[in-house]
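None of these values were measured; they are calculated from a predicted model. Labels below follow one simple rule: chain letters A, B, ... track the order of the sequence lines, proteins then strands, and each chain is numbered from 1. Hydrogens, waters and symmetry mates are skipped; everything else that's a heavy atom, side chains included, is used.
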Number of protein chains: 2
Amino acid sequence: MAVIKDVARLAGVSVASVSKVLNNAGSVSNKTREKIESAIKELDYIPSTIARSMRTRKTNMIAVVVPDIIDDFFANVFNYIKDAAQNLGYTPILYSIEDNIEMLKNYLGKISLVNFDGAIFCFLDEDEVISNFEKIQMQIPITLFSWNISNVKFSAVVTDVFEGEYKAARYLIEKGEKRIAFVGGPENSRISKQKFDGFAKAMREAGLEIKDDYLFNGHCRYQTGYQAAIRFSRLAEMPTAVVAAGDNFAAGLIKYFTRKGIKVPDDIKVIGFDNIPLASIYEPAISTVSIPIEQMSREAVNLLVNKITGREKANRTIIFKNELLIRNSTDRDILIDFEF
Amino acid sequence: MAVIKDVARLAGVSVASVSKVLNNAGSVSNKTREKIESAIKELDYIPSTIARSMRTRKTNMIAVVVPDIIDDFFANVFNYIKDAAQNLGYTPILYSIEDNIEMLKNYLGKISLVNFDGAIFCFLDEDEVISNFEKIQMQIPITLFSWNISNVKFSAVVTDVFEGEYKAARYLIEKGEKRIAFVGGPENSRISKQKFDGFAKAMREAGLEIKDDYLFNGHCRYQTGYQAAIRFSRLAEMPTAVVAAGDNFAAGLIKYFTRKGIKVPDDIKVIGFDNIPLASIYEPAISTVSIPIEQMSREAVNLLVNKITGREKANRTIIFKNELLIRNSTDRDILIDFEF
DNA sequence: TTGTAGGCGTTATCAA
DNA sequence: TTGATAACGCCTACAA
């Protein structure tokens, strides 16, 4: 591996000049620049980003921490973040905590977050770790991708999942449903609680009871929805509608119901959350709450990079609207335009 | 941020001793060790991995390059690789080339793959880039996750997708299908060609014609399958079965057919590939070819790490079997055991 | 416009 | 068992 010194020697100049050409900073005559450039080519020289990082104290890497990368929602979020980051010259490093707060703490505590120029945390602002976040923020900028519309301690892109789930439940209630079940993510996760609270508010307002039997929690996978459906269908009095806090749940629910001859939406309605690609491709297409993850991801990166470069100093929160999308898992006859 | 010098000063020892404790190498008396350890704790000292990398020329990072991270298949592959790598103390860095060979070349050429201790390339051994791979391999070990069972230039975990697709087509032919269509990935991708060739072999052997109208290619997304279904269903003579080179294709196909009242599997049979979680949760459950990605991922990492550590010197290829899984998109009455 | 030299935070060699 | 010190490859005053 050639190093800068080799280039300098071959070009017959000093390392300083080579460095200047590399970073096109400082002044070099055209003649030396050419000599250097051809030496670089000849040697296949690539500057060591490690040595560079050591010297400049920047790595051009950002940490992206998500609850669970197997969940399509976060896979998509990460992908958008990746695109946005790469466009700005940053490499995103993915961390998945697999819905395990201990693992998160572990990352936060011992991982050398120092090696990153910044970090983005997606739906991870649990009370337990907020103080860790503040500590980290003393070292490097962080941005939250979150549900918390009133947070002021961090820069954030947020969408109000409480309100989103409220709208979902409200929709079912207005259609006349009374026995409505809820399938949520891990019980101890903050975002799950937010969604549940939105659901609960709609139920309370309508004077409807929230039965323990109608509640189910688990990782945001098909399986959880499937299991929930098994439980629900064994009840003496089955629910007639389910608010699912994720599209994966919804797909699992529908799968089991359909297998058992329970028709969706005729016998039971199901509504999801997130609007992952699966939601529109599933049959029946899944009604859901859509979150503008592409824009949110892009802005999350912008916010972070602005802080990293010092262009922006104060914390800022950008709020994004979510939207109820009605499809065939709640309404047999809705006609859906597929864009594809 | 405290550095090693601060620790040494606080403990009243030399940096050399601190370093020894950090790497528990060399010999230090218990007394100094204790002093150092408490100094570390007091200062919240974390060694700089950058400086460390600079000195040791190891980063403990491996590059993982996949064709398209939005494809669930590769999201799952990456996740397994991630687990295996982390268990061995390596951080995987994800690169998605988005089915674009130019982007791959770009990564290969200019990216400082030098910063990685090794790299894993997933289904990316196109002829065009093999020579680049060899060049890279002169710098760092690489492992291929591949279809190429007879490769000898690299260490690899492989599964024979040619044979897998052959089995899929064969199955439909044995059920009496004659008008069989094929939906494949990007035309210029090598793995797509392998799959097509497997399909074509079965067709040829059975004396069946491969019509141009029955061929469709695109990125491995739902949309491609959906579009293919549109095309197929407009034909004067529709196919009665489709071999889809990915489960996403299959889901898109089934979606469109079902919407149009074309029954799967009664009117048309569809078979996928990869056995992503979606395949079993879809309704009807999708017949597919299953690849043991968990074991393959683990072994890919093992192979690579063994080379990195020097435990293994020669190239080695491990071959994994794939398996035809019959579900309801080809057979109405098959009863499927869901493990969930 | 060019070059010299110091330092970023480690590890590793070699004396003491 | 300890500690000085020289790298690792790069950037950047500062001097020439």
What nucleotide among D:dC10, C:dT10, D:dC11 has an atom nearest to a side-chain atom of B:Arg52?
C:dT10
Of the listed C:dT10, D:dG3, D:dT12, the closest approach to the A:Ala16 side chain comes from D:dT12
Where the side chain of B:Ser48 is concerned, which of D:dC11, C:dT10, D:dT5 is the nearest nucleotide?
C:dT10
Under 4.0 angstrom, heavy atoms only, what part of the nucleic acid is A:Ser53 near: base, sugar-phosphate, or nothing?
nothing
Looking only at atom types and distance, does a side-chain atom of A:Ser192 sit under 3.5 Å from a main-chain N or O of A:Pro186, one as donor and one as acceptor?
yes
In whole Å, I'd like the distance from the CE atom of B:Met54 to the C1' atom of D:dA6.
13 Å
Please determine whether a side-chain nitrogen or oxygen atom of A:Thr32 lies at a distance below 4.0 Å from atom OP1 or OP2 of C:dT1.
no
Heavy-atom neighbours of B:Lys58 NZ exceed 12 at 6.0 Å:
yes
Nearest-Å distance for atom pair CG/P, residues A:Asn30 and C:dT1:
9 Å
Distance, rounded to the nearest Å, where B:Ile36 contributes CD1 and C:dT10 contributes P:
14 Å
Roughly how many Å is it from CG in B:Leu22 to P in C:dT10, rounded to a whole number?
8 Å
Ignoring the backbone of B:Ser29, work out which of D:dT2, C:dG9, D:dC10 is nearest its side chain.
D:dT2
Can you work out whether B:Asn23 or A:Gly12 has the more 5'-proximal nearest nucleotide on DNA chain C?
A:Gly12
Between C:dT2, D:dC11, D:dC10, which nucleotide has the shortest distance from any of its atoms to the side chain of A:Ala51?
D:dC10
Look at the side chain of B:Thr159 and the backbone N and O of B:Ile291, then say whether any donor-acceptor pair between them is shorter than 3.5 Å.
no
Counting side-chain heavy atoms from CB outward, which of C:dG3, C:dG9, D:dC10 is closest to A:Ser14?
C:dG3
For a quick check of understanding: with a heavy-atom distance under 4.0 Å over all strands, which category does B:Lys20 fall into, base, sugar-phosphate or nothing?
base
Which of D:dC10, C:dA12, C:dG3 is nearest the side chain of B:Arg55? It is C:dA12
Would you kindly give the CG-to-P distance between A:Asn115 and C:dT10, to the nearest whole Å?
11 Å
Aromatic rings B:Phe133 and B:Phe121: how do their planes relate, parallel, tilted or perpendicular, breaks at 30° and 60°?
parallel
B:Lys82 side chain to B:Asn79 side chain, donor-acceptor N/O pair below 3.5 angstrom:
yes
Using a 4.0 Å heavy-atom cut-off, does B:Ser27 contact any base of the nucleic acid, only the sugar-phosphate backbone, or nothing at all?
base
Backbone of B:Val15 reached by a side-chain donor or acceptor of B:Ser19 within 3.5 Å:
no
So, does B:Thr56 get its side chain near the phosphate of C:dT11, meaning an N or O under 4.0 Å from OP1 or OP2?
no
What integer distance in Å separates B:Met1:CE from C:dC8:P?
16 Å
B:Ile4 has an atom CD1; how far is it from atom C1' of C:dG7, in whole Å?
16 Å
A:Lys35 NZ to C:dG3 C1': how many Å, rounded?
13 Å
